[in-house]
A.B. asks: 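Pasting a structure here, questions to come.
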Amino acid sequence: MRSDNKRIYLCLAHMSGKEQDYIKEAFDTNWVVPLGPNVDGFEKDLESFIGQNKRVVVLASGTAAVHLSLIAAGVTAGDEVITQSFTFCASSHPITYLGATPVFVDSESDTWNMDPDLLEEAIKDRIAKTGKKPKAILPVALYGMPYQVDRIFEIAKKYDIQVIEDAAEGFGSRYNGQVLGTFGKYGILSFNGNKMITTSGGGAVIANTDDEWREIMMYATQYRESYPYYQHEKIGYNYRLSNICAGIGRGQMFVLDEHLAHHKHVQKSYEELFADVPGITVHRQPNTGEYDSNYWLSTITIDPSLRIKGQENAYKTIVNGAVGGAAGVIHKAKSATTDCQPNDNVEALRQFLDQAGVEARPVWKPMHKQPVYKQAPAYINGVSEAKFKIGLCLPTGPCVSDDDVKYIVDTIKDAIVG
């Protein structure tokens, strides 16, 4: 084990040095509010990076961006929205905020993202069962990996269903050279503290037109009408990003390209260093030319037959804190196990790495296996559950050095029995 007591985190932001200048300017000019020069400047910087003549509204979180995109797309109570099951709950929870129903579609094995064949099957079945089409399709760029844009949009066009892209984990990822989030009706970005760039917390909606941009902006600022007093004709929200946080984002734009290059470098290093380790497989993008993943997180799968030191103790005690979450904001579990969880060797390896000062996490638990969604329609092929049982996320962020990667790989090798 390492002797310097350094802990290697999954994905932490790296500052450019410019952030404090923008924050100081905000304080010096008294722009300490959810609007101002940094907010405007950050949006323009994002629009410049994204291209395609898109407009951007920066918000308090990626979840808020999903919520407002659904509202602007006309989703209301009683509607259904198709999204993938293999994702974080921020993709599906906003659907339920509106009284709509998430319809979960399982993954295809190459990208771990929405299976287009299953998507079309789900659309046909929902029309047959409900008499109407789902209101929207919400594909997700899992761990930054692009989804099958061509096929998903071909199906969406066939049935005349709008697409909202959840590129929260995929900022900077591209499909056929075009940035994710720019193909659909709306695109979602996240600037949480663990994303490609951060505003500490924050997100954005990518819109196609000035009118769409203005409508999202209206919803983000309590939907006020143009009177000399407060008049509201629609329900709005207080979702605008603060000028302070936007200052962090403006500074982060200076290191975005560096971050993207670093994540890809770390991914390549894992691929090379694990090449001769039986039982460990690094998930990678399809080698067909269309895909350009940002590799927000590098993930591995662990063969079920692989034996890990301490495996006999996996799931013996109830976890008291959040694994990869905010401690203090979770319920203590009633049991150490559930009916759908990673294999014992995956949990044993996570614990082994934790003791060695390395943060690792299971991959997302599929939404169709979450108790809160037990009644939601789901179209399942078994891929997401299978990957959840054998998958693990490894540190990939800009603070992860080449020595760190080698240490992580060596630690995993040491954890393997035999």
A.B. asks: Does any donor atom in the side chain of His263 or Thr396 lie under 3.5 Å from an acceptor atom in the other side chain?
C.D. replies: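 Result is no, nothing qualifies.
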A.B. asks: Provide the closest heavy-atom pair for Thr87 versus Leu142 in the form atom of the first, atom of the second, distance.
C.D. replies: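 Distance-wise, the nearest heavy atoms are CA-CD1, 4.2 Å.
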A.B. asks: Kindly check if the number of other-residue, nucleotide or ligand heavy atoms within 6.0 Å of CG (Asn287) is above 12?
C.D. replies: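 Open.
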A.B. asks: Check whether Asn381 reaches the backbone of Ser107 with its side chain - one donor and one acceptor, N or O, closer than 3.5 Å.
C.D. replies: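 A pair under 3.5 Å: yes.
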A.B. asks: Tell me if the CG atom of Asp28 is crowded by more than 12 foreign heavy atoms within 6.0 Å.
C.D. replies: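 Yes, because the 6.0 Å sphere around CG of Asp28 holds more than 12 heavy atoms from other groups.
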A.B. asks: If you round to the nearest 0.5 Å, how far is OG1 of Thr76 from NZ of Lys135?
C.D. replies: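 Lys135 NZ to Thr76 OG1: 5.0 Å, rounded to 0.5 Å.
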A.B. asks: Rounded to the nearest 0.5 Å, how far does CD of Gln84 lie from CZ of Phe104?
C.D. replies: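 With rounding to 0.5 Å, CZ (Phe104) is 10.5 Å from CD (Gln84).
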A.B. asks: With a 4.5 Å heavy-atom cut-off, do Ser173 and Asp292 have their side chains touching?
C.D. replies: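 Answer no - side chains too far apart.
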A.B. asks: Tell me, do Trp31 and Ile244 make a side-chain contact under 4.5 Å, heavy atoms counted?
C.D. replies: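 No, their side chains stay 4.5 Å or more apart.
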A.B. asks: For this output row, return yes or no: ring centroids of Tyr219 and Tyr239 closer than 6.0 angstrom.
C.D. replies: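 Not under 6.0 Å, so no.
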A.B. asks: Does the side chain of Thr411 pick up a donor-acceptor pair with the side chain of Asp414 at under 3.5 Å?
C.D. replies: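 Asp414 and Thr411 do not have a side-chain donor-acceptor pair below 3.5 Å.
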A.B. asks: Is there a donor-acceptor pair closer than 3.5 Å between any side-chain N or O of Gln231 and the backbone N or O of Glu225?
C.D. replies: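 Side chain of Gln231 to backbone of Glu225: no pair is present.
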A.B. asks: State which residues pass side chain to side chain donor-acceptor pair (under 3.5 Å) with Thr301; sequence neighbours excluded, sorted by chain then number.
C.D. replies: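 For Thr301, no residue satisfies side chain to side chain donor-acceptor pair (under 3.5 Å) once neighbours in sequence are set aside.
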A.B. asks: If every non-hydrogen atom of Met114 is compared with every non-hydrogen atom of Thr83, which pair is closest and at what distance?
C.D. replies: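 The pair with the smallest heavy-atom distance is CE-C, 3.6 Å.
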A.B. asks: Does Arg55 pair with Glu47 as a salt bridge, N-O distance under 4.0 Å?
C.D. replies: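 So Arg55 pairs with Glu47 through a salt bridge.
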A.B. asks: I'd like to know whether NZ of Lys264 has more than 12 heavy-atom contacts from other residues, nucleotides or ligands below 6.0 angstrom.
C.D. replies: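 Buried by this count: over 12 neighbours within 6.0 Å.
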A.B. asks: Can Asp410 and Lys406 be counted as an ion pair, charged N to O under 4.0 angstrom?
C.D. replies: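 Yes, Asp410 and Lys406 are salt-bridged.
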A.B. asks: Counting only heavy atoms not in Lys309, do more than 12 sit closer than 6.0 Å to its NZ atom?
C.D. replies: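 It does: Lys309 NZ has more than 12 such atoms within range.
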A.B. asks: In terms of relative ring orientation, are Tyr97 and His93 parallel, tilted or perpendicular, with 30° and 60° separating the classes?
C.D. replies: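 Tilted: the ring planes of Tyr97 and His93 meet at 30° to 60°.
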A.B. asks: Does one side chain, of Ser92 or Tyr373, offer a donor that lies under 3.5 Å from an acceptor on the other?
C.D. replies: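 Yes.
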A.B. asks: Crowded around Gln52 CD? As in, over 12 foreign heavy atoms under 6.0 Å?
C.D. replies: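 Check passes, neighbour count above 12.
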A.B. asks: If you look at every heavy atom in Thr96 and Pro102, which pair is closest and at what distance?
C.D. replies: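 Closest pair (atom of Thr96, atom of Pro102, distance): CG2-CD, 3.9 Å.
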A.B. asks: Hey, are Glu169 and Trp364 close enough side-chain-wise for a donor-acceptor pair under 3.5 Å?
C.D. replies: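 The criterion, which ignores hydrogens and geometry beyond distance, is satisfied for Glu169 and Trp364.
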A.B. asks: What is the minimum heavy-atom distance between Ala336 and Gln341, and which atoms define it?
C.D. replies: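 Shortest heavy-atom separation between Ala336 and Gln341 comes out as O-OE1, 4.3 Å.
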A.B. asks: Would you mind checking if Glu43 and Arg240 are paired as a salt bridge, meaning a charged N to carboxylate O distance below 4.0 Å?
C.D. replies: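 Salt bridge flag = yes for Glu43 with Arg240.
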A.B. asks: Pick out which of Glu233, His232, Glu215 makes a side-chain hydrogen bond (donor to acceptor under 3.5 Å, both in side chains) with Tyr223.
C.D. replies: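 Looking at Glu233, His232, Glu215, the match for Tyr223 under the side-chain hydrogen bond (donor to acceptor under 3.5 Å, both in side chains) is Glu215.
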A.B. asks: Would you call Asp344-Lys389 a salt bridge at under 4.0 Å N-O?
C.D. replies: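 Salt bridge absent between Asp344 and Lys389.
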A.B. asks: Classify the side-chain pair Gln267/Ser298 by whether it contains a donor and acceptor separated by less than 3.5 Å.
C.D. replies: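 A donor-acceptor contact under 3.5 Å links the two side chains.
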A.B. asks: Would you call the rings of His262 and His265 parallel, tilted or perpendicular if under 30° counts as parallel and over 60° as perpendicular?
C.D. replies: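 His262 and His265: tilted rings.
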A.B. asks: If we ignore hydrogens and angles and just use 3.5 Å, is the side chain of Asn294 paired with the main-chain N or O of Gly172 as donor and acceptor?
C.D. replies: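 Checked: no pair found.
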A.B. asks: Could you report the tightest heavy-atom contact between Ala122 and Tyr379, atom names first, then the distance?
C.D. replies: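 Heavy-atom minimum between the residues: CB-CD1, 3.5 Å.
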A.B. asks: Kindly determine whether Phe42 and Phe191 satisfy ring-ring contact (aromatic ring centres under 6.0 Å, His included), including the steps that lead there.
C.D. replies: CA-CA 12 Å; Phe42 187 35; Phe191 310 119; 5.2 Å; yes
A.B. asks: Atom NE2 in His368, atom CG in Asp106: separation rounded to 0.5 Å?
C.D. replies: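 Reported value, rounded in 0.5 Å steps: 5.5 Å.
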A.B. asks: Should the ring pair Phe183 and Phe153 be called parallel, tilted or perpendicular, given that the plane angle runs from 0 to 90° and is split at 30 and 60?
C.D. replies: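 Correct class here is tilted.
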A.B. asks: Any salt bridge between Glu347 and Arg350, counting N to O under 4.0 Å?
C.D. replies: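 Yes.
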A.B. asks: Can you find a pair of side-chain heavy atoms, one from Asn208 and one from Thr182, that are under 4.5 Å apart?
C.D. replies: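 Of all side-chain heavy-atom pairs linking Thr182 with Asn208, none is under 4.5 Å.
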A.B. asks: So, do Val400 and Tyr9 sit near enough that their side-chain heavy atoms are less than 4.5 Å apart?
C.D. replies: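 Not touching, per the 4.5 Å side-chain cut-off.
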A.B. asks: For residues 246-254, run the donor-acceptor check on the side chains, cut-off 3.5 Å, and write out each pair with its distance to 0.1 Å, sequence neighbours left out.
C.D. replies:
unit_1, atom_1, unit_2, atom_2, d
Arg250, NH1, Asn38, OD1, 3.1
Gln252, OE1, Thr198, N, 3.0
Gln252, NE2, His14, O, 2.9
Gln252, NE2, Glu19, OE2, 2.9

A.B. asks: Under the salt bridge (charged side-chain N to carboxylate O under 4.0 Å, His left out) rule, what do Glu120 and Lys158 come out as? Steps first, then yes or no, please.
C.D. replies: CA-CA 10 Å; Glu120 185 162 23; Lys158 178 179 178 180; 2.7 Å; yes
A.B. asks: Between Lys133 and Tyr159, is there a donor-acceptor pair closer than 3.5 Å when you use the side chain of the first and the backbone of the second?
C.D. replies: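 Yes: the side chain of Lys133 pairs with the backbone of Tyr159.
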A.B. asks: Is a side-chain donor-acceptor pair under 3.5 Å present for Gln351 with Tyr315?
C.D. replies: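 Note: Tyr315 and Gln351 side chains miss the donor-acceptor criterion.
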A.B. asks: Any salt bridge between Glu212 and Arg214, counting N to O under 4.0 Å?
C.D. replies: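 Looking at Arg214 together with Glu212, the answer is no, because their closest N to O distance does not fall below 4.0 Å.
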A.B. asks: I'd like to know if the side chain of Gln285 and the backbone of Ser293 have a donor-acceptor N/O pair within less than 3.5 Å.
C.D. replies: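 Yes: the side chain of Gln285 pairs with the backbone of Ser293.
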A.B. asks: Between Trp296 and Asn194 (side chain of the first, backbone of the second, donor and acceptor by atom type, cut-off under 3.5 Å), is there such a pair?
C.D. replies: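 Looks like yes, one N/O pair under 3.5 Å.
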A.B. asks: Can you find a pair of side-chain heavy atoms, one from Tyr237 and one from His67, that are under 4.5 Å apart?
C.D. replies: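 They are in side-chain contact.
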A.B. asks: With side chain to side chain contact (heavy atoms under 4.5 Å, CB included) as the test, pick out the partner of Ile164 among Val205, Val75, Ile188.
C.D. replies: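 It is Ile188; the other options fail the test.
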A.B. asks: Would you check if Tyr270 and Tyr295 make a side-chain contact, meaning some heavy-atom pair closer than 4.5 Å?
C.D. replies: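 No, too far: nothing below the 4.5 Å cut-off.
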A.B. asks: What's the verdict on side chain to side chain contact (heavy atoms under 4.5 Å, CB included) for Glu359 and Asp354, showing C-alpha distance, side-chain angles and the deciding distance?
C.D. replies: CA-CA 6 Å; Glu359 181 188 22; Asp354 185 65; 6.0 Å; no
A.B. asks: Side chains of Val105 and Leu118: closer than 4.5 Å at any heavy-atom pair?
C.D. replies: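 They are in side-chain contact.
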A.B. asks: Is a side-chain donor or acceptor of Ser85 paired with a backbone partner of Met367 at a separation under 3.5 angstrom?
C.D. replies: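 Yes.
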A.B. asks: Find out whether the Lys NZ or Arg CZ of Arg7 is both under 6.0 angstrom from the six-membered ring centre of Tyr407 and within 45° of the ring's axis.
C.D. replies: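 No.
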A.B. asks: Do you know the tightest heavy-atom contact between Cys245 and Ser242?
C.D. replies: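 Shortest heavy-atom contact: N-OG, 3.0 Å.
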A.B. asks: Hey, what do you get for CG (Asp115) to CZ (Phe86), rounding to the nearest 0.5 Å?
C.D. replies: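 Going from the CG atom of Asp115 to the CZ atom of Phe86 covers 13.5 Å.
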A.B. asks: Within this structure, what is the CD1-CD distance for the pair Ile152 and Glu165, rounded to the nearest 0.5 Å?
C.D. replies: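 Rounded to the nearest 0.5 Å, the CD1-CD separation comes to 9.0 Å.
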A.B. asks: Taking Glu108 for the side chain and Asp110 for the main chain, is one N or O donor matched with an acceptor at less than 3.5 Å?
C.D. replies: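 Answer holds: yes.
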A.B. asks: Rounded to the nearest 0.5 Å, what's the gap from NE2 on His283 to CD on Glu271? Could you check?
C.D. replies: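 Result: 10.5 Å between the selected atoms.
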A.B. asks: Check whether any side-chain heavy atom of Ile390 sits under 4.5 Å from a side-chain heavy atom of Asn343, and report yes or no.
C.D. replies: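 Yes, close enough: below the 4.5 Å cut-off.
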